[in-house]
Amino acid sequence: MSLKQIEKEIQGCRRCGLADGRTNIVFGDGNPKAKLMLIGEGPGRDEDLQGKPFVGAAGQLLNKILEAAEIKREDVYIANIVKCRPPGNRVPNRKEARACLPWLWQQIETISPRIVVLLGSTALQNLIKPDARITKMRGQWLESKSGIKIMPTYHPAALLRDPSKKKPVWEDFQKIRDEYKKIMNN
Ligand code: URA
């Protein structure tokens with residue numbers, strides 16, 4: 001199935017209560033053939049209004065990080081654990097995430113990226129292990145059964161709240177950049 005077909009199917013989705021509060025479904029954005037995919041938590045206010053992921057303050061910071069790592073935003077694909085904005089930007093609960101995850105699995109399967117970057121605890125816990133700690137697991141490569149390299153790191157919004165996280169995130173993105181360059185040059 002193509003991304004366009006999946007996006008068509010998701011229209012009108014009512015698999016969880018987040019449907020009630022949304023303006024737009026934030027499906028995902030970027031290169032459908034991306035080698036690198038970034039996964040965040042869920043849309044905030046700006047994303048809900050524009051229907052695109054990471055366009056608000058956290059998105060601006062993510063753009064800067066990608067630029068510093070010499071990764072073009074238009075070359076990657078960006079999606080979230082949940083596609084509809086949780087009220088007041090609260091963390092999506094397990095039930096909402098589980099209802100939404102099949103869409104993300106389809107996106108990952110279709111795009112077939114070589115690298116997946118998990119932005120923050122919500123992405124890590126819903127995709128890897130419910131009790132995983134981002135502080136412990138960030139900066140280390142994991143690998144999926146199908147050979148996708150997975151790097152958990154802090155969410156850009158966490159950096160806005162706590163600038164001491166900038167250094168570790170930059171270290172993580174240097175590893176991501178090196179691996180990405182290797183893949184792109186092969
Ligand atoms: N935070 C996220 O996790 N995702 C977005 O799309 C925007 C902010």
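Because the structure is predicted, anything quoted here is derived from the model rather than measured. Order of listing sets the numbers, starting from 1, for every ligand and every atom in it.
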### Side chains of Arg45 and Asn89, donor plus acceptor under 3.5 Å
no
### Message
Suppose we screen for side chain to side chain contact (heavy atoms under 4.5 Å, CB included). Which residues come up paired with Arg90, at least two apart in sequence or across chains?
### Response
Leu18, Pro86, Pro87, Asn93, Glu96
### Task
Can you tell me which residue pairs pass the side-chain hydrogen bond (donor to acceptor under 3.5 Å, both in side chains) test with a partner in residues 130-141, sequence neighbours excluded?
Arg138-Asp172
### Task
Answer whether the closest heavy-atom distance between the side chains of Leu3 and Phe27 falls below 4.5 Å.
yes
### Query
Checking Gln125 side chain against Ala132 main chain: does a donor-acceptor pair fall under 3.5 Å?
yes
### Query
Hey, which residues fall under 4.0 Å of ligand 1 on heavy atoms?
Gly40, Glu41, Gly42, Glu47, Pro53, Phe54, Asn80, His155
### Task
Please name all residues satisfying ring-ring contact (aromatic ring centres under 6.0 Å, His included) with Tyr77, sequence neighbours left out, ordered by chain then number.
none
